[in-house]
Student: 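Encoded as structure tokens, here's the structure I'll be asking about.
Index from 1, following the sequence. Indexing begins at 1, ligand by ligand and atom by atom, following the structure's order. Basis for what follows: all heavy atoms, side chains included, without hydrogens, waters or symmetry-related copies.
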Amino acid sequence: MSALLDRIRGALVGLKMPRALEALDHTLQQLEKGEITAVEAIDSLLSEEYVTREGRRVDVALRTAKLMPIKTLESFDFSFQPSLDRERIAALAQLGFIRRSEVVHFLGPPGIGKSHLATALGVAAVKAGRTVYRATLAELIEALSQAERSGRLPEKIRFHARASLLIVDEIGYLPITQGGANLFFQLVNARYEKGAMIMTSNRGFAEWGEVFGDPVVATALLDRLLHHAVVVQIEGASYRLRAHADLIPEHVRANAPITPPPPPKRRGRPPKIRNGAADH
Ligand code: ADP
Ligand code: MG
């Protein structure tokens with residue numbers, strides 16, 4: 001018996017299962033007292049190890065993906081944002097859009113939860129074992145410019161093209177130089193139909209020429225980013241300012257509606273834009 005136990009301990013060490021090793025004695029005691037069956041003992045040892053390991057994997061992946069601080073769909077108050085279809089977000093959380101390499105756009109004014117929802121979908125994807133990377137557009141362009149200056153642009157684009165989901169946050173807040181727009185276009189092109197993206201923006205697609213400082217690049221970007229796209233338009237009040245609504249001037253409080261996307265010019269294949277349809 002003790003030789004057998006030594007062998008089990010040795011195997012757990014060799015297999016790098018420290019949690020199961022730790023739980024072994026207690027589990028055996030429970031087994032001897034007849035508190036659990038043999039099958040329950042096996043289950044208990046394996047789940048101890050699995051849960052610990054999975055927790056660690058998710059933790060590391062969330063940090064690598066830059067998804068901290070964590071946001072979840074459970075912590076999102078849908079009643080505060082009645083223009084948002086909860087079922088539609090729940091459908092997105094099934095992550096079919098990642099399998100289909102689609103682009104999800106969250107559009108709307110500041111503070112309405114665009115980044116929260118994007119991050120929450122990213123967290124769901126990490127838990128499902130997908131690789132995710134999140135950055136603001138400014139951070140992404142800065143990283144690409146730096147890589148270009150040091151002659152490592154192809155490598156950097158490959159890195160950002162690899163994740164199964166790339167989240168590009170805060171499109172439209174900061175002006176983009178023409179060089180920056182070109183770099184971003186190269187990245188989008190590298191991911192086109194190969195990997196999913198989530199984009200958040202406070203500006204309508206009609207304003208992208210202005211955002212990217214170049215209508216030609218903006219049109220080429222939209223051509224790819226609206227081809228297999230899900231557009232979620234959110235209209236409502238800022239969650240950040242919810243306690244201070246009375247302090248905000250009327251003209252700021254009323255959210256200017258965002259212009260709908262212009263039809264992308266494309267010969268051949270018709271664009272497949274599903275606006276308003278649930279994600280299946
Ligand atoms: P946006 O990206 O649209 O500017 P955020 O997603 O950053 O807005 O939201 C601002 C803050 O308010 C974040 O801390 C976010 O978690 C929180 N928040 C926004 N909307 C909601 C909501 N409906 N329920 C819970 N928290 C929310
Ligand atoms: Mg945001």
Student: Tell me whether Arg240 reaches ligand 1 (any heavy atom closer than 4.0 angstrom to a ligand atom).
Tutor: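 Heavy atoms of Arg240 do come under 4.0 Å of ligand 1.
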Student: Considering only heavy atoms, which of Leu73, Asp77, Ile70, Ile112 lies nearest to atom 24 (N) of ligand 1?
Tutor: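 Shortest heavy-atom distance from atom 24 (N) of ligand 1: Asp77.
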Student: Using a strict threshold of under 4.0 Å (side-chain N to carboxylate O), is an ion pair present between Asp169 and Lys66?
Tutor: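 Result for this pair is no, no salt bridge flagged.
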Student: Could you check Glu210 against Arg203 for salt bridge (Lys or Arg N to Asp or Glu O under 4.0 Å), going step by step and ending with a plain yes or no?
Tutor: CA-CA 10 Å; Glu210 207 181 301; Arg203 309 280 288 269; 2.9 Å; yes
Student: Taking the basic N atoms (NZ, or NE/NH1/NH2) and the acidic carboxylate oxygens, is any pair closer than 4.0 Å for Glu48 and Arg19?
Tutor: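 The answer is yes: the pair qualifies as a salt bridge.
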Student: Before accepting this row, confirm whether a basic side-chain N of the pair Glu155/Arg158 lies closer than 4.0 Å to the acidic partner's carboxylate O.
Tutor: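 Salt bridge absent between Glu155 and Arg158.
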Student: Are the aromatic rings of His228 and Phe97 close, with centres under 6.0 Å apart?
Tutor: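 His228 vs Phe97: aromatic centres not under 6.0 Å.
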Student: Between His116 and Tyr239, does any side-chain donor sit less than 3.5 Å from a side-chain acceptor?
Tutor: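 No.
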Student: Out of His116, Lys71, Gln81, indicate the one that has the non-hydrogen atom closest to atom 6 (O) of ligand 1.
Tutor: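 The residue whose heavy atom sits nearest atom 6 (O) of ligand 1 is His116.
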Student: Could you check atom 4 (O) of ligand 1 against the protein and tell me its nearest heavy-atom contact, residue, atom and distance included?
Tutor: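 Looking at atom 4 (O) of ligand 1, the protein heavy atom closest to it is Gly111 N, 2.7 Å.
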Student: For ligand 1, indicate whether the residue Ser238 contacts it via side chain, backbone, both or neither (heavy-atom separation under 4.0 Å).
Tutor: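 Contact part for Ser238 vs ligand 1: neither.
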Student: May I ask you to list the atoms of ligand 1 that are less than 4.0 angstrom from any heavy atom of Pro110?
Tutor: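 Checking each atom against Pro110, I get 4 (O).
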Student: By number and element, which atoms of ligand 1 are closer than 4.0 Å to a non-hydrogen atom of Gly113?
Tutor: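 Close to Gly113: 1 (P), 3 (O), 5 (P), 6 (O), 8 (O), 9 (O), 19 (C), 20 (N).
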Student: Looking only at distance, does Phe76 have an N or O less than 3.5 Å from an N or O of ligand 1?
Tutor: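 Not met; the criterion fails.
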Student: Hey, are Glu54 and Lys127 close enough for a salt bridge, meaning a charged N less than 4.0 Å from a carboxylate O?
Tutor: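 Salt bridge between Glu54 and Lys127, a charged N being under 4.0 Å from a carboxylate O: no.
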Student: At a threshold of 2.8 Å, where the distance has to be below it, does the Mg ion (ligand 2) have an N, O or S atom of Thr200 nearby?
Tutor: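 It does not: Thr200 brings no N, O or S atom closer than 2.8 Å to the Mg ion (ligand 2).
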Student: For atom 25 (C) of ligand 1, state which one of Tyr173, Tyr239, Phe106, Phe80 supplies the nearest heavy atom.
Tutor: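 Checking each option, the heavy atom nearest atom 25 (C) of ligand 1 is found in Tyr239.
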